[in-house]
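First up is the structure itself, then whatever we jot down about it.
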Amino acid sequence: MKLQPLPAKARLALSHPSPSIEAYEGSVRSGKTVATLIDWARYIRTGPAGQLAMCGRTERTVINNLILPMQEMFGPSRVRINYGSGVVTVFGRKVHLYGANNEQARTKIQGATLAGAYVDEASTLPESFFNMLYTRLSVPGAKLWLTANPEGPKHWLKTKWLDKARVWVDGKGRVIEQPADVSLELHRYTFLLDDNEALDPAYVDRTKRSYSGVFRRRYIDAEWVAAEGSVYDQFDEDRHVIPFAETPQIARVLAAGIDYGTTNPTSALILGLTAEQHPRLVFLDEYRHDPETHGKLTDAEQSRRIRAFLNGRHHPTQALPQPPYTVIDPAAASLKVQLAHDGHRGIWDAANDVLPGIKLMSSLIATDQLLITDRCKGLIGELPGYVWDDKKTEKGEDAPVKANDHSADAARYAIYTTQALWRTALRFTEEVTNAPSQGPGLAAA
Ligand SMILES: Nc1ncnc2c1ncn2[C@@H]1O[C@H](COP(=O)(O)OP(=O)(O)O)[C@@H](O)[C@H]1O
Ligand SMILES: [Mg+2]
């Protein structure tokens, strides 16, 4: 990458006297990572001696999101990667890499004495890890850099850290200062996509369009807002639903996604990739069984019906193979056992990260890259009423209401878990911060 002069906001950020935390937050692709890495690299060369740490959700995301870009910026001789060792060498100094995607992660740094730390996508890490990291910065003059995308208004990173910034350069470039007795030694900079002058305007446009609803307000407009209203607010029958008879030609059948219930409906949806010049995803067909109206089924009977469904015809003109993968609600242990017992192959636990999955599906809907044939009646019926849970929102969490979400879940499982199979075929700009670590097409982590 050829570095361009930093935008005004980043220069302003770099010219302030050093506080102990430099927090760069705001839109995706706004230049937060590049600006912080430049500052961080300078700190590695000139800061106090001692241990250094770089942290993200997993060691792999740290390498992909931070170390590879640093290698590009400063050259491979200055940034050496020792894959699998958990350590990189930057300007001759060892830097430890930490993945922190669960509550136990803090134990990895418990005893450390750090002179500096860099935290990528801080709002996606456990608060306990961040708190521990901060207490480990015990070398005099130690500093911490973080980048983050906005989440809900009650997120710990916002209420306990960002809101207490001594200096805040907000999205509009205004400088807001707070007295020392009510603030932390923290500088906060809110970046917008338009602050990044290095990007092609068409790319900026596409990126903006690929987010909708709460994701747009957070990841594009850089607002820390609650999720409310319809989850898939861009879903529109006129745009996304097609008559089965008009299903485009299919290049590849990707998977079946299954959500399983004993007292609730069971839903299976078949996901395909179209053979169009600009390929799209399409839900071709749906199996749905509602025990309330059609009686409870044993697992053996569910398995028989699901296998018969998967074996059927799901395209008006093409003879398609069966879905090579069946991606199932990870909680549906008994159905998985039954299907396997019945000789069904290609069974995978669905990656069940609800928010990243919703974000991904929402982006596909917003960019008209997801079609649904009118055979998928359960899904079409559920999507408009699939809403964020107000009660959860009040507690500072983002979660959809857990009702009438069976085909919606099956759809999300299929899309999110198989993304390694279709991502490159689509025009997709969304950052992969929370890609599933396992799923068809992915090497086991
Ligand atoms: N100063 C810069 N010079 C050149 N390219 C830049 C610069 N800042 C950002 N970019 C480009 O913009 C992209 C997004 O920047 P990045 O720092 O990754 O954004 P963020 O961390 O906010 O998502 C980078 O991949 C890079 O191509
Ligand atoms: Mg970034």
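Computation of the quantities below employed the complete heavy-atom set of this structure, encompassing side-chain atoms and omitting hydrogens, waters and symmetry-equivalent molecules. Whatever order the structure lists them in is the order used to number ligands and atoms, beginning at 1. Each residue takes its place number in the sequence, starting with 1.
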For ligand 1, which atoms, with element, lie under 4.0 Å from some heavy atom of S27?
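Result: 22 (O).
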Where ligand 1 meets L199 - atom numbers and elements under 4.0 angstrom, heavy-atom basis: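 In order of number, 12 (O), 13 (C).
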request  = Sort out for me which residue in Y118, Y24, W145 forms a side-chain hydrogen bond (donor to acceptor under 3.5 Å, both in side chains) with T36.
outcome  =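 Running side-chain hydrogen bond (donor to acceptor under 3.5 Å, both in side chains) over Y118, Y24, W145 with T36 returns exactly one hit, Y118.
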Exercise. Is it the case that E382 and H406 place a side-chain donor and acceptor less than 3.5 Å from each other?
Worked result: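 The criterion, which ignores hydrogens and geometry beyond distance, is not satisfied for H406 and E382.
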So, N65 and T33: side-chain donor and acceptor under 3.5 Å apart, yes or no?
->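 No pair is found: no donor N or O on one side chain lies under 3.5 Å from an acceptor on the other.
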- Query: Are any N, O or S atoms from T33 nearer to the Mg ion (ligand 2) than 2.8 Å?
  - Reply: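 Checking T33: at least one N, O or S atom is under 2.8 Å.
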**Asked** Do ligand 1 and G31 have nitrogen or oxygen atoms that lie under 3.5 Å from each other?
**Response**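 For ligand 1, there is an N or O atom that lies under 3.5 Å from one belonging to G31.
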Does any N or O of ligand 1 fall below 3.5 Å from an N or O anywhere on V28, backbone included?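 So ligand 1 has no N or O lying under 3.5 Å from an N or O of V28.
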Charged N-O contact under 4.0 Å between R188 and E25:
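Yes, R188 and E25 are salt-bridged.
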Heavy-atom contacts under 4.0 Å between T147 and ligand 1: side chain, backbone, both, or neither?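 None of T147 does.
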Practice prompt. For ligand 1, note which part of A198 has a heavy atom under 4.0 Å away: side chain, backbone, both or neither.
Written response: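 It is the side chain that gets close, since no backbone atom is under 4.0 Å.
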Discussion item. Strictly distance-based, threshold 3.5 Å: is any side-chain N or O of Q318 a donor or acceptor partner for the main-chain N or O of Q249?
Written reply: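 Absent.
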Q) Side chains of I258 and D329: closer than 4.5 Å at any heavy-atom pair? A)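 Of all side-chain heavy-atom pairs linking D329 with I258, none is under 4.5 Å.
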